[in-house]
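Residue numbering restarts at 1 for every chain, and letters A, B, ... go by the order of the sequence lines. This one's a predicted model, so the numbers in the text were calculated from it and none came from an experiment.
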There are 2 protein chains.
Amino acid sequence: MRKPTPTPKPATLHDVARVAGVSLITASRALSNPGVVSEGTIERVRDAVMKTGYTPNLLAGSLKSKRSMTVAGLVPVISVPQFLPTIRALTETLDAQGYQLILGQTGYANSREEKLLSTMISRRPDGVVITGLVGSQTSRDQLKRLGIPVVEMWDLSAHPLDMIVGFSHLKVGSAIGGFFLNKGWRRVGVATGDDHRAMTRREGFCAVIGREVPTAIVPAPSNLEMGRRAMAQLLAQDPKLEAVYCSSDEFALGAIIEAQARGLRVPGDIAICGFGDADFAAHLMPSLTTVQVDGAAIGRRAAQLIIDRCAGRAVKEPIIDVGFRIVERDSTGASAARRK
Amino acid sequence: MRKPTPTPKPATLHDVARVAGVSLITASRALSNPGVVSEGTIERVRDAVMKTGYTPNLLAGSLKSKRSMTVAGLVPVISVPQFLPTIRALTETLDAQGYQLILGQTGYANSREEKLLSTMISRRPDGVVITGLVGSQTSRDQLKRLGIPVVEMWDLSAHPLDMIVGFSHLKVGSAIGGFFLNKGWRRVGVATGDDHRAMTRREGFCAVIGREVPTAIVPAPSNLEMGRRAMAQLLAQDPKLEAVYCSSDEFALGAIIEAQARGLRVPGDIAICGFGDADFAAHLMPSLTTVQVDGAAIGRRAAQLIIDRCAGRAVKEPIIDVGFRIVERDSTGASAARRK
DNA sequence: CTGTTAGCGCATTCAC
DNA sequence: GTGAATGCGCTAACAG
C-alpha cells in the first residue's frame, strides 16, 4: 500500500527569494538571465534554490512569457521504424536549443489527427511539426490562426500550410517504375500500405509502367507478416510476376520470405524492391534493393526551420526537397542470371 | 519569404463568454463540466467557441488546477526497437484517460537523466515513468519531494523509489546460462551492451556458468554492425566458441551474419541467443533463439499504476514482475547436428 | 544592478 | 443554475 495523497507543498520562487533575501524578480533573473545580476546575488539565490529544493514551474512561466519552449510533433505511429531517425533528429536538434518535443500519434486516421492537434495546441507549443500534409480544413485554419511556425514533413507540396521538408512520393514511384522498365521487367506488381504517401508512390509507379498493375493493398503500417500475405496474393493474381515493389522494407522482407518459402529464388525468379532503406536492408540474403531517404535530415531541417522562426529569423527557403535515391542491391540484381 | 512575426491574438475564454453572453465561469463550466449547466447555455457557449475559434489554454488551466494531464516518460533512446512496444502502450493507455505522454531521451548517460528529469518536472507532470532504476540521489529526492506517482520500469527492485514494473535481469542471465549448460556447451561467450541492465544479465550468466567468460562489450545501444564486430572479437579470443549470448536481437543478428561470413554454420558450428524477441527474430535464417519480454504489458501496467494513483486510488501491488521466457528457435537448435 | 506593479488565462471558492 | 472575486507561479514592463 502506497501513499495515496502525498502533500509536500513544493517551494516557489517566492520562497527562494525570501530565503535569499532578495525580491521575487531578482531571484527570477538570477536563474533565467544571470547576465544582468551581480555575482554575489546569483550565489545567494543558487544557495536558496538548494536549500528550498526549488524546481521552477514552467507552466507559470510559459503562461506569462507566451513561450512554452515546446514543439508538437505528430507522427502516424511511433513504432514505425521509418520515422524513428526523424523523431530522433527532431528531439535532439530541438533539445540543443532548449526545446522539448511533444510527440503524438495520429494513427493513420485523419479524424484522430484533428483531435490530437487540438489537444496539442491547447498546450501552446511554439511550433508544430507534422507528418504528411495537414488534411482537414479545420486543422489548417486552427494552425494558421495560432500564427506559430508549422512544418509539414515527409511529403512535398507547392503550397504548404507554412513550411515543408520532404520529397516527392510521385517521383519515387516513377523512379522505381523506370528502374523496373530498364531491367526489362513488364510483369510487375505492387504491394503497398493504404496510406496517402504510399498510394502516391504507387500512382507514380503505374504512371511510368503505363497501366494499372497487380496490386495488394494492406492497412498501414505494413509489416513483415503482411508482406508474406501480400506476396501470396500477388502470386495468385499473376504466378509469373517478374518484379514487385513493396512500400516498406519490412513489407519487402515479408515478400522475400514468402517467395522463398514457395521455392522461388530472389532475384532469380522474382525481383523485389522495398522502400526506406532500413538498417537491416543491406544485410539480408539477398540484400534488399530499396529507396533511401534521409529521415534524420528531414528531422534536422524541420527542427531548424521551427527554431529559426521562433528566433524571429525570416526563413528564405520554406520548401525543402531532401530528395531520395534508389539503392541497388542483390534483390533486383544479376538480371543475366534470371528466369527460366 | 514567410511571415516572421504573425500576431493574430488568439481568443480566450473571456471572449467566448462575452460572445455567448454569459460569465467567464459559466463558459468554463459549459466546456469542462457540462453536467451542471443548462442545455441552452451549453449551446450558446458552443456557438461562441466556433465563432471565436477558441482553443483552451491548458497552461493556464493546469496552473490553477495543479493537474497538467501529462506524464513524463524517460527512455534511453527512442530509436531502440526494444522499448517501442512499451512507449506505444504507454502512449495509448494514457491517452485513453486523457493523459499525454511527454517523452524524453536520457541517452544511456546518468548525467543527462538528471538534467532531463529536472526539465520534465518543471512542466509539472502528474506522473513520471522512467526506464531503469533512478540512479542519482538528487533525482530521487526531487521526485519524492514532488509527491507524484513514479514508476520505474524494465527492471526490478525490492525497494523502488515508488512503484516498479519489470523483470529481473539477473534471472534472465541465469536462465540463459542454464539453458546453455543444459545443451552441454561450456565454451561460451557474451556480446553485450554496456548499460546497467545488460551488464546485470551478463552477471547472472557468468554466475551460472561459474566463471568469467569471453566477453565483448560495446557502448549501448548495440546494433547489427556492432554485432559483427563483437563476434569477430569473441572468435579472436576463442576460435572454438560453442555458443554466444548477445544482449539484443539486432546485436545477435550481426553476430550470426559475421559467423556465417566466416564460414561457420549457425547453429552447426556456433549457437547464438539474443534478447528481446524482435519482430524479425522468428523469421531469420536460422530463426533466432531469444528472450521474450512483454514490453507492451510493461507500458500498460506502468500507465495504469500512474492513472490509478492520479485518481486517488491506493495501489495494492506497487511491484509488478512481468517475467520473461526463453523462446527456443533454430539458432540454438539441433544439438545432435553440431560440431566436429 | 535591483525592485514594484501588473497581469498571463483559467479554475476554485464562495455567494446568490 | 449562475456569477464575482481571488490567485495559481511566474515574467514583462517600467521604474529607481
Side-chain angles (χ1 to χ4, degrees), chain A residues 7 9-45 48-49 52-70 98 119 121-126 145-147 312, chain B residues 7 9-45 48-49 52-70 98 119 121-126 145-146:
Chain A
T7 334
K9 189 139 164 290
T12 75
L13 194 52
H14 187 86
D15 301 323
V16 173
R18 192 170 32 70
V19 171
V22 298
S23 78
L24 188 66
I25 186 65
T26 301
S28 170
R29 283 197 276 248
L31 295 176
S32 53
N33 194 5
V36 304
V37 177
S38 76
E39 279 299 329
T41 308
I42 291 178
E43 199 71 19
R44 296 208 318 278
V45 171
V49 167
T52 54
Y54 170 71
T55 312
N57 184 332
L58 279 180
L59 259 35
S62 303
L63 179 60
K64 181 67 189 172
S65 68
K66 299 192 172 302
R67 296 182 319 120
S68 63
M69 297 305 280
T70 63
T119 310
I121 285 178
S122 295
R123 301 195 195 280
R124 295 296 185 266
D126 294 339
R145 202 164 35 230
L146 267 182
Chain B
T7 335
K9 189 137 164 290
T12 76
L13 194 53
H14 186 86
D15 301 323
V16 174
R18 194 170 30 70
V19 170
V22 298
S23 79
L24 188 68
I25 183 61
T26 302
S28 171
R29 284 198 274 248
L31 296 176
S32 53
N33 194 4
V36 304
V37 178
S38 75
E39 280 297 331
T41 307
I42 292 177
E43 199 71 20
R44 295 207 320 278
V45 171
V49 167
T52 55
Y54 171 71
T55 312
N57 185 333
L58 251 51
L59 257 35
S62 303
L63 178 59
K64 183 67 189 169
S65 68
K66 299 192 173 302
R67 296 183 319 121
S68 62
M69 298 303 282
T70 62
T119 309
I121 286 179
S122 296
R123 300 195 195 282
R124 294 295 185 266
D126 294 338
R145 202 165 34 231
L146 267 181

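Mapping A/S32 and B/R29 onto DNA chain D by nearest heavy atom places B/R29 closer to the 5' end of the strand. Nearest-nucleotide positions on DNA chain D place B/S38 closer to the 5' end than the other of B/S38 and B/S65.
Comparing C/dT4, C/dG9, D/dA4 against the side chain of A/I25 picks out C/dT4 as the nearest. Of all nucleotides listed (D/dC10, C/dT12, C/dG3), C/dT12 comes nearest to the side chain of B/K64. Picking from C/dT2, C/dC10, D/dG9 the nucleotide with the shortest atom distance to the side chain of B/L63 gives D/dG9.
A donor-acceptor pair is defined here as one N or O able to donate and one able to accept, closer than 3.5 Å; no such pair exists between the side chain of B/S28 and the backbone of B/L24. In this structure, A/T52 contributes its side chain and A/V49 its backbone to a donor-acceptor pair below 3.5 Å. Under the 3.5 Å distance criterion, the side-chain polar atoms of B/R18 are left unmatched by any main-chain donor or acceptor of B/L13.
Contact check, A/T26 against C/dT2: no side-chain N or O comes under 4.0 Å of OP1 or OP2. Not one side-chain nitrogen or oxygen of A/T12 sits closer than 4.0 Å to the OP1 or OP2 atom of D/dC8. One finds a side-chain N or O of B/S28 lying less than 4.0 angstrom from the OP1 or OP2 phosphate oxygen of C/dA11.
Rounded to whole Å, the distance from CZ on B/R44 to C1' on D/dT2 is 11 Å. Going from atom CG of B/L24 over to atom P of D/dG7 covers 16 Å, rounded to whole Å. Counting to the nearest Å, the P atom of C/dT2 and the CG atom of A/L31 are 13 Å from each other. Here D/dG1 presents its C1' atom at 11 Å from CD1 of B/I42, a figure rounded to the nearest Å. Look at CG on A/N33: it is 12 Å from C1' on D/dA12, rounded to the nearest Å. As rounded to whole Å, 15 Å separates atom C1' of D/dA5 from atom NE2 of B/H14. For the pair B/L13 CG and D/dG3 P, the interatomic distance rounds to 12 Å; values are reported in whole Å. Between A/R124 atom CZ and C/dC10 atom P there is a gap of 7 Å when expressed in whole angstrom units.
Residue A/L59 is classed as having no contact, given no heavy-atom separation below 4.0 Å to the nucleic acid. Using a 4.0 Å heavy-atom criterion, one finds that B/T41 contacts the sugar-phosphate atoms exclusively. Residue contacts for A/V37: at a heavy-atom cut-off of 4.0 Å it reaches the sugar-phosphate backbone alone, with no base atom in range.
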Exercise for the section: List the steps and the verdict of side chain to side chain contact (heavy atoms under 4.5 Å, CB included) for B/T55 and A/R124. Expected result: CA-CA 9 Å; B/T55 312; A/R124 295 296 185 266; 4.0 Å; yes
Exercise for the section: Would you please test A/T12 and A/N57 for side chain to side chain contact (heavy atoms under 4.5 Å, CB included) and show each step? Expected result: CA-CA 8 Å; A/T12 75; A/N57 184 332; over 6 Å; no
